[in-house]
Amino acid sequence: EAAVTQSPRNKVAVTGGKVTLSCNQTNNHNNMYWYRQDTGHGLRLIHYSYGAGSTEKGDIPDGYKASRPSQENFSLILELATPSQTSVYFCASGDLTGSGNTLYFGEGSRLIVV
Amino acid sequence: GQQVQQSPSSLVLQEGENAELQCNFSSTATQLQWFYQSPGGSLVSLLSNPSGTKHTGRLTSTTVTKERRSSLHISSSQTTDSGTYLCAIDGNTRKLIFGLGTTLQVQP
């Protein structure tokens, strides 16, 4: 079973502060993703990566940066956190090519920006 | 952009009843996946079914690609089936676009 681990699981940050959400996967997947989930909007893609050193913008990248320093790790960085970034963030890894492949999600990181 | 619409938005059943969840999408999809999200929890993949019919346990998914719709049938529902069911497509990209989900509550 694929394992995706996120940290921290819960975080309270102040407006204007820097927040880093970390994600680690142990299954050697090339692709990794950061989503946020909000009531009324569902899951929305922020950034994704096809492998170490690569990051791509998703559908709502503004206010976020991403970093993929290795195959296993993918971070989401909020340089200047704002209350509108209060949300639950999910990291996922996986390979969508081919039949039967899917994404494996972490447990989520709940961020509150005050 | 691509859109994924799910219906109904919520559903309440008595244990033992069957559930039928619908997913309609606005563009072609090489991947169509159903996920389950427990209350306050993470997402778990249930089925990958870009076309045709697929069964796993009490779940049956039918996807009609040319009509851009998919359904998820849950037979003999149990209280542990309660949660949110999400449909997602890829639209020929290597990323998934999600619908808002159907929240299912199964009462004992």
Side-chain angles (χ1 to χ4, degrees), chain A residues 1-7 9-10 23 25 27 29-51 54-61 66 68 74 87-110, chain B residues 1-7 9-10 21 23-56 59 61 63 65 72 83-103:
Chain A
E1 180 70 19
V4 179
T5 305
Q6 295 181 225
S7 64
R9 294 291 313 280
N10 293 281
C23 179
Q25 55 104 356
N27 293 280
H29 289 146
N30 288 326
N31 301 337
M32 296 186 74
Y33 307 82
W34 275 106
Y35 287 87
R36 64 178 283 178
Q37 187 174 36
D38 305 283
T39 303
H41 291 281
L43 278 154
R44 293 179 291 174
L45 183 63
I46 307 169
H47 283 289
Y48 59 104
S49 168
Y50 293 137
S54 98
T55 60
E56 306 288 337
K57 293 181 178 180
D59 298 319
I60 53 163
R68 183 85 182 272
F74 189 37
S87 187
V88 180
Y89 293 85
F90 286 97
C91 175
S93 74
D95 180 3
L96 293 177
T97 59
S99 175
N101 291 328
T102 188
L103 295 188
Y104 297 88
F105 282 81
E107 293 296 316
S109 295
R110 185 173 299 273
Chain B
Q2 302 163 8
Q3 290 189 339
V4 180
Q5 295 182 328
Q6 294 187 242
S7 61
S9 58
S10 63
L21 283 56
C23 176
N24 292 277
F25 43 98
S26 62
S27 62
T28 58
T30 55
Q31 287 277 353
L32 185 139
Q33 305 206 1
W34 287 94
F35 288 84
Y36 169 77
Q37 186 173 27
S38 60
S42 185
L43 287 82
V44 176
S45 177
L46 296 173
L47 281 170
S48 175
N49 187 31
S51 65
T53 299
K54 186 170 284 189
H55 305 273
T56 181
L59 304 178
S61 173
T63 298
T65 308
L72 181 68
T84 301
Y85 292 79
L86 296 161
C87 174
I89 65 165
D90 71 329
N92 296 315
T93 67
R94 281 187 280 176
K95 52 183 180 176
L96 288 181
I97 305 300
F98 286 81
L100 295 182
T102 294
T103 300

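Just so we're on the same page: letters track the sequence lines, and every chain starts at 1. What you see is a predicted model, and the numbers here were worked out from it, not measured in a lab.
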Rounded distance [0.5 Å steps], [atom1] in [X] versus [atom2] in [Y]:
X: F35(B); Y: L103(A); atom1: CZ; atom2: CG; answer: 5.0 Å
X: K95(B); Y: D59(A); atom1: NZ; atom2: CG; answer: 5.0 Å
X: Y35(A); Y: F98(B); atom1: OH; atom2: CZ; answer: 5.0 Å

Query raised in the report: By ring-ring contact (aromatic ring centres under 6.0 Å, His included), which residues pair with F25(B), not counting sequence neighbours?
Result: none
Report task. Under 4.5 Å heavy-atom distance to chain A, tell me which part of L96(B) shows up: side chain, backbone, both or neither. Result -> both
Requested in this report: Answer with side chain, backbone, both or neither: which region of Q6(B) has an atom nearer than 4.5 Å to a non-hydrogen atom of chain A?
Outcome: neither
Query - Interface residue of largest heavy-atom contact number with chain B, from A92(A), G58(A), G94(A), G106(A), under 4.5 Å - result: G106(A)
Query raised in the report: What part of Q37(A) gets closer than 4.5 Å to chain B, counting heavy atoms only: side chain, backbone, both or neither?
Result: side chain
Report task. Let me know if L43(A) has heavy atoms under 4.5 Å from chain B in its side chain, its backbone, both or neither. Result -> both
Query - Summary of salt bridge (Lys or Arg N to Asp or Glu O under 4.0 Å) pairs that have at least one residue in residues 30-41 of chain A, sequence neighbours excluded - result: R36(A)-D38(A), D38(A)-R44(A)
Requested in this report: Grab the two heavy atoms, one from S42(B) and one from F105(A), that are nearest each other, plus how far apart they are.
Outcome: OG-CB, 3.5 Å
